[in-house]
Student: 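Okay, here's the structure, questions in a sec.
Values below: every heavy atom of this structure, side chains too, minus hydrogens, waters and symmetry copies. Note that ligands are numbered from 1 as they come in the structure, with each ligand's atoms numbered from 1 the same way.
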Amino acid sequence: MRIPGRNGGQRLTAEHNGDVSYWWRARGGFPPRRPSLPGPLSADVCIVGGGFTGLWTAYYLKQAAPTLRVVVLEAAFAGFGASGRNGGWLTSALPGSRDRYARGPGGRDAVLDLQRQLRETVDEVARICAAENIDADLVKGGELAVATTPAQLGRLQGGLLADREWGLGEPQARFLSAAELAGRVRIDGGLGAIYSPDCARIQPAKLVTGLAEAVERAGVEIFEATPVTRILPHRAGADDGARACTVFGDVTARYVLRATEGFTAQLPGQRRALLPMNSSMIVTEPLSEAAWQEIGWDGYETIGDSAHVYMYAQRTADGRIAIGGRGIPYRFGSTLDHRGVTQPATVDTLGRILRRLFPAAAGAGIDHAWCGVLGVPRDWCATVSLNPASGLGAAGGYTGHGVAAACLAGHTLADLVVGEPTPRTTLPWVGHRARSWEPEPLRWTGVHGLYALYRAADHAEDQGSDQTSPLARIGDRISGIPH
Ligand SMILES: Cc1cc2nc3c(=O)[nH]c(=O)nc-3n(C[C@H](O)[C@H](O)[C@H](O)COP(=O)(O)OP(=O)(O)OC[C@H]3O[C@@H](n4cnc5c(N)ncnc54)[C@H](O)[C@@H]3O)c2cc1C
C-alpha cells in the first residue's frame, strides 16, 4: 500500500505499511505457522504469549528444570507483538523509576542490583545468541542519548548527575561534546550526548524467531493461532491447577504465566492493568555509500534524542535507518492497531524528524512504516509476580525498555516457578504492584492531553530556551511519569 505524506512540498511515501513490521519482510517473511492447541491438555507450566517475555521464561525454565512440561499459547505467532516490531535496542535502561523501586523492601541496594543485572543481560543475550546459533544482527555499539536543543542538553546533564548519585561512573555513562558526537555520528544540530556502552543493536524478528526455535529444541511446545480467552486461578481444595482457556480447550497447569504486555487489556479482568501505549516506526531504503560517508555512524550505536516526544533510531545491518516515535499515543478503550498499520500523518512526522536529524538521508525513500503496543503500568515500573496459592504469574510493563528487560524478567519468573532463591528473586520488580489505570474516557483524555502538552513543550524548547518547558512538568505531574 502506498501512503502519501508531505515534507515542505516534497511528498514522502511508505512503500509498505503494517504487515506487522519491516523486520519480518527483511528476514524473508513470517515463519511457517505452528499448529494450534490440539485440545485440552495438562502441563507443569503454561505461558500465555509468545514474545520475548514468554519465550525467555520458557527458555530459562527448561534450563533449570528440563523435565518440566512447558507449553506456550500464542494468539497469532511467536513475535507477532512488540517483540517482532521494536526499535531493536537491546538496552540496559531501567524500565521505571529508581526512586520508586527503592521504596520496596530491598531499598537502594536492590535498585543498584537491578541496574547491574540489566547491564549484564545485554551480554547474556549475546552469549545465548552465540550458544544457540541465533544471528540477530547483534552489534554492541552502545547507546547515544543526543541533545538537539539547549533544554535537552540541560536535561541530559541533569540525568548524568542523577546517574552519578546512583553509582553509575564514567564506564557506564559519559558526556560527549558536540565535536565528540560528530566524530561518531553527524546529527544536524547535535549539541552533545550521553554515551552508555551497555546497549546493542539487534534485528528483533531475527532474535525472536531464533529464540522460539531454541525454546522448541529444549522441548517446549508452542501452539500458535491460539488466543487465550480467560485465565483462571487454581481453586482452593481442587487438584486441577490454574487454567488458560481457549476455544480449542483448556490447558491446566500448576502455573499459568501471563506474558501479554501491551495486549493484556484484552483479557477479562485486566482492562485497566497495563495501558497499551502505541509506538510507530519507519525505515528508509538502503542509503547510498556517499550518504553513509556523510553521516558516519560506523559504531552502530542506537540513537535517541531527549525531546519529550522522543525519537529512537538504529542503523540496520542492511544499510538503512530505522527510526521510531510516538505517533498516536493510545487508542480509546485500549483497542489495538491492525497488524501494525500506521497513520499517514505519523509517517510524515517521522519522515520529517529523519530528514531534520540526518539531512544526508533526505533523498532516501521510506520503505516501510508500522506500529505496535508496549505495556505501561500506572506507576511506569515493571513487575514480575508469582502467586503459589492461585498458580498465576506475570511479567511485563517495561514502558518501552523491554527488549533486554524481558530476558531478565523471564529469567526471574522462571526462578520464582522453580522456587529456589537466586540473585534475581530479590530484585525490586518482584511482587511490585501498581494501581489500575483510570476508566475511560479519563484514560484516553489523560494520555492524549499528556502528549499534547509534550508536543507543545518540545515546540517551545525548539525556540532556544535552555530550560525545560513548564508544560512538560505539568504533563509529568498529571501522568505520574517518574524521573
Ligand atoms: C514500535 C516499538 C518499538 C519498541 N522499541 C523498543 C526498543 O528499541 N528497545 C526496547 O527495549 N523496547 C522497545 N519496545 C518495547 C519492547 O518491544 C517490549 O516491551 C517487549 O517486546 C515486550 O515483550 P513481551 O513478550 O512482554 O510482549 P509482546 O512482544 O507484545 O508479546 C506478547 C504476545 O502475547 C500474545 N498475546 C496477547 N494476548 C494473548 C492471548 N490472549 N492469548 C495468547 N497470546 C496472546 C501476542 O500476540 C504477543 O505475541 C518497543 C515497542 C514497540 C511497540
Student: In terms of residue, atom name and distance, what is the protein heavy atom nearest to atom 34 (O) of ligand 1?
Tutor: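 For atom 34 (O) of ligand 1, the nearest protein heavy atom is G49 CA, 3.3 Å.
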Student: Taking distance alone, with N or O pairs closer than 3.5 Å, would you say W370 contacts ligand 1?
Tutor: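 No; every N/O pair is 3.5 Å or more apart.
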Student: Between ligand 1 and P227, can you find any atom pair, the residue atom being a heavy atom, that is separated by under 4.0 Å?
Tutor: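 Right, P227 reaches ligand 1.
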Student: Which residue and atom name correspond to the protein heavy atom nearest atom 6 (C) of ligand 1, and how close is it?
Tutor: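 That would be N86 CB, 3.5 Å.
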Student: Tell me, which pairs form a salt bridge (Lys or Arg N to Asp or Glu O under 4.0 Å) where one or both residues lie in residues 246-269, sequence neighbours left out?
Tutor: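 As it turns out, the salt bridge (Lys or Arg N to Asp or Glu O under 4.0 Å) pairs with a partner in residues 246-269, which skip direct neighbours, are R243-D250.
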Student: Check the side chains of D415 and T422 for a donor-acceptor pair under 3.5 angstrom, ignoring hydrogens and angles.
Tutor: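 Yes.
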Student: Under a 3.5 Å threshold, yes or no: a donor from one side chain and an acceptor from the other, between D318 and T316?
Tutor: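 On atom types as modelled, these side chains qualify, holding a pair under 3.5 Å.
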Student: Going by heavy atoms, is A406 under 4.0 Å from ligand 1?
Tutor: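 No, A406 has no heavy atom closer than 4.0 Å to ligand 1.
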Student: Is there a heavy atom in E74 that sits closer than 4.0 Å to ligand 1?
Tutor: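 Contact check E74 vs ligand 1: positive.
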Student: Taking the inter-plane angle between the rings of Y22 and H368 on a 0 to 90° scale, is it parallel (under 30°), tilted (30 to 60°) or perpendicular (over 60°)?
Tutor: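 Perpendicular, since the angle between the ring planes exceeds 60°.
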Student: Give a yes/no on ligand 1: does G324 have at least one heavy atom closer than 4.0 angstrom to it?
Tutor: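 Contact check G324 vs ligand 1: negative.
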Student: Between T264 and ligand 1, which residue portion shows a heavy-atom distance shorter than 4.0 Å: side chain, backbone, both, or neither?
Tutor: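 It is neither; nothing of T264 touches ligand 1.
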Student: Classify the contact between T91 and ligand 1 as side chain, backbone, both or neither, using a heavy-atom distance cut-off of under 4.0 Å.
Tutor: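 Within the 4.0 Å criterion, T91 contacts ligand 1 through side-chain atoms alone.
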Student: Is there any N or O on G79 that sits under 3.5 Å from an N or O of ligand 1?
Tutor: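 Such a contact does not occur with ligand 1.
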Student: Counting neighbours of CZ on R33 that are heavy atoms of other residues, nucleotides or ligands and sit closer than 6.0 Å, is the number greater than 12?
Tutor: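 Yes, CZ of R33 has more than 12 neighbouring heavy atoms, counting only those of other groups under 6.0 Å.
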Student: Of the protein's non-hydrogen atoms, which lies at the shortest distance from atom 42 (N) of ligand 1, and what is that distance?
Tutor: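 For atom 42 (N) of ligand 1, the nearest protein heavy atom is V228 N, 2.8 Å.
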Student: Test R34 against every option in E213, E216, E221 by the salt bridge (Lys or Arg N to Asp or Glu O under 4.0 Å) rule and name the one that passes.
Tutor: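 For R34, the salt bridge (Lys or Arg N to Asp or Glu O under 4.0 Å) check succeeds only for E216.
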Student: Please work out which of the three classes, parallel, tilted or perpendicular, describes the rings of Y312 and W89, given edges at 30° and 60°.
Tutor: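 The arrangement is perpendicular - the two ring planes meet at more than 60°.
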Student: Show every donor-acceptor pair shorter than 3.5 Å between a side-chain atom in residues 268-275 and any protein atom, with sequence neighbours excluded, or say none if there are none.
Tutor:
{"unit_1": "R271", "atom_1": "NH1", "unit_2": "G333", "atom_2": "O", "d": "2.8"}
{"unit_1": "R272", "atom_1": "NE", "unit_2": "W437", "atom_2": "O", "d": "2.5"}
{"unit_1": "R272", "atom_1": "NH2", "unit_2": "W437", "atom_2": "O", "d": "3.1"}

Student: Quick one: which of V48, V72, L73 gives a side chain to side chain contact (heavy atoms under 4.5 Å, CB included) with V251?
Tutor: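 Answer to the side chain to side chain contact (heavy atoms under 4.5 Å, CB included) test with V251 among V48, V72, L73: L73.
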Student: Tell me whether ligand 1 is touched by G396 - counting only heavy atoms on the residue side and a distance under 4.0 Å.
Tutor: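 Flag not set, G396 not near ligand 1.
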Student: Just going by heavy-atom distances, which of T342, T260, T226, L274 is nearest to atom 36 (N) of ligand 1?
Tutor: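 It is T260 that holds the nearest heavy atom.
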Student: Check each atom of ligand 1 against the heavy atoms of G88 and keep those under 4.0 Å away; list them by number with element.
Tutor: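 By the 4.0 Å cutoff, the relevant atoms are 8 (O).
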Student: Any nitrogen or oxygen of T53 lying under 3.5 Å from a nitrogen or oxygen in ligand 1? Just yes or no.
Tutor: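 Such a contact does occur with ligand 1.
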Student: Students should be able to answer this: which protein heavy-atom is nearest to atom 5 (N) of ligand 1, and at what distance?
Tutor: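 Looking only at protein heavy atoms, the one closest to atom 5 (N) of ligand 1 is G87 N, 2.9 Å.
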Student: For N387 and Y255, does a side-chain donor sit closer than 3.5 Å to a side-chain acceptor?
Tutor: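 No, because no side-chain N or O of N387 sits under 3.5 Å from a partner of the opposite role on Y255.
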Student: Give a yes/no verdict on whether any heavy atom in L55 is under 4.0 Å from an atom of ligand 1.
Tutor: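 Under 4.0 Å: no for L55.
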